[in-house]
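Following: one structure in C-alpha cells, then a few remarks.
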Amino acid sequence: MTGQHVEHQLAAAVKPLLDAVGATPVPLGEAKAEDVVLEWEGRPALAVRLPHLSSALDRLLAEMARQFDGRPLAELDRLEKQRVVALLEERGAFTVRHGVETVASALGVSRFTVYNYLNRQDGSKTS
C-alpha cells in the first residue's frame, strides 16, 4: 500500500512538469525501452513517455501565443514576430525537422522572412 501511495505522491509532484513538456505517465508494467523510469527511494516508481519533437514544436507555438495575450501569432506585428522567432530559437524550435516552415506558417510569413529574423538576430549577437 505504501508503494502505491509513494507512486501517487511522485505522480502528483511531477504532473506540472509532465504537462509542461507534453509527457505522459505510464504504468511501470507498460513502460517501453524509450520511456524514462523515475525512481523513488531507490525503486522504480513511475514511467514517463516523452513526446515526439513535432508535438513539442506545437506546444512551443501555443506557449508563444499565450505569452502574447493569446493572440494568434499571425496577428502579431513585425517586432513581436521577431521576438517570437528569438524565443523559439532559444528553445531549440529550429532543430526540429520542418521547424522553419512550421513557424513561418504559424506567423503568417514566408520561410525567407523567418530566416531573415534569425539572421538579424545572429548579426545583433556579434555586434
Side-chain angles (χ1 to χ4, degrees):
M1 183 72 171
T2 304
Q4 290 176 324
H5 182 66
V6 169
E7 283 182 22
H8 182 268
Q9 283 181 329
L10 181 59
V14 299
K15 185 180 182 328
L17 174 63
L18 299 184
D19 290 346
V21 300
T24 53
V26 179
L28 286 172
E30 297 175 22
K32 298 179 180 178
E34 65 270 13
D35 294 334
V36 177
V37 176
L38 304 178
E39 294 186 359
W40 184 273
E41 296 180 351
R43 298 173 58 189
L46 177 70
V48 175
R49 184 155 301 148
L50 299 173
H52 294 286
L53 287 177
S54 59
S55 63
L57 181 53
D58 291 339
R59 277 190 312 285
L60 281 173
L61 289 168
E63 175 59 27
M64 290 299 105
R66 280 191 296 277
Q67 286 187 25
F68 287 87
D69 303 321
R71 292 180 284 157
L73 297 176
E75 293 178 8
L76 301 179
D77 66 32
R78 184 176 52 84
L79 290 175
E80 290 170 324
K81 289 178 182 183
Q82 288 173 343
R83 181 69 183 137
V84 166
V85 168
L87 290 169
L88 289 172
E89 184 181 31
E90 288 173 11
R91 290 171 174 82
F94 300 109
T95 62
V96 177
R97 188 170 187 214
H98 303 299
V100 170
E101 292 87 348
T102 302
V103 170
S105 177
L107 292 175
V109 299
S110 69
R111 289 181 343 194
F112 181 75
T113 298
V114 172
Y115 283 119
N116 278 341
Y117 291 168
L118 288 168
N119 288 336
R120 182 170 293 136
Q121 200 177 327
D122 288 341
S124 67
K125 287 179 187 173
T126 59
S127 298

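If you read the sequence from its start, that first residue is 1, and numbering goes on from there.
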Taking only residues two or more places apart in sequence, or in another chain, which ones meet [X] in a side chain to side chain contact (heavy atoms under 4.5 Å, CB included)?
| X | value |
| --- | --- |
| Gln67 | Glu63, Met64, Leu87, Arg91 |
| Ala31 | Asp35, Ala47 |
| Ser105 | none |
| Ala86 | Arg83, Gln121 |

Grab the two heavy atoms, one from [X] and one from [Y], that are nearest each other, plus how far apart they are.
| X | Y | result |
| --- | --- | --- |
| Ala93 | Leu60 | CB-CD1, 4.1 Å |
| Val37 | Pro44 | CG1-CB, 3.8 Å |
| Gly99 | Leu57 | CA-CD2, 3.8 Å |
| Phe94 | Val85 | CE1-O, 3.7 Å |

Carefully, step by step, assess Val103 and Val109 under the rule side chain to side chain contact (heavy atoms under 4.5 Å, CB included).
-> CA-CA 9 Å; Val103 170; Val109 299; over 6 Å; no
Considering residues at least two apart in sequence or located in another chain, which fulfil the side-chain hydrogen bond (donor to acceptor under 3.5 Å, both in side chains) criterion with Thr102?
->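 Thr102 satisfies side-chain hydrogen bond (donor to acceptor under 3.5 Å, both in side chains) with no other residue.
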Sorted by chain and number, sequence neighbours left out, side-chain hydrogen bond (donor to acceptor under 3.5 Å, both in side chains) with Arg78 holds for none
Does the side chain of Leu107 come within less than 4.5 Å of Thr113's, by heavy atoms?
-> no
Please examine the side chains of Leu61 and Leu88, heavy atoms only from C-beta on, and report whether any two atoms are closer than 4.5 Å.
-> yes
Between atom CD of Gln9 and atom CG of Leu46, what is the distance when rounded to the nearest 0.5 Å?
-> 12.5 Å
Set of residues satisfying salt bridge (Lys or Arg N to Asp or Glu O under 4.0 Å) with respect to Glu80, sequence neighbours excluded = Arg71
All pairs passing salt bridge (charged side-chain N to carboxylate O under 4.0 Å, His left out) where residues 99-111 contributes a residue, at least two apart |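 Those involving residues 99-111 are Glu101-Arg111.
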Identify every side-chain donor-acceptor pair in residues 16-30 under 3.5 Å, counting partners at least two apart or on other chains, and give the distances.
{"from": "Asp19", "atom 1": "OD1", "to": "Lys15", "atom 2": "NZ", "distance (Å)": "3.4"}
{"from": "Asp19", "atom 1": "OD2", "to": "Lys15", "atom 2": "NZ", "distance (Å)": "2.7"}

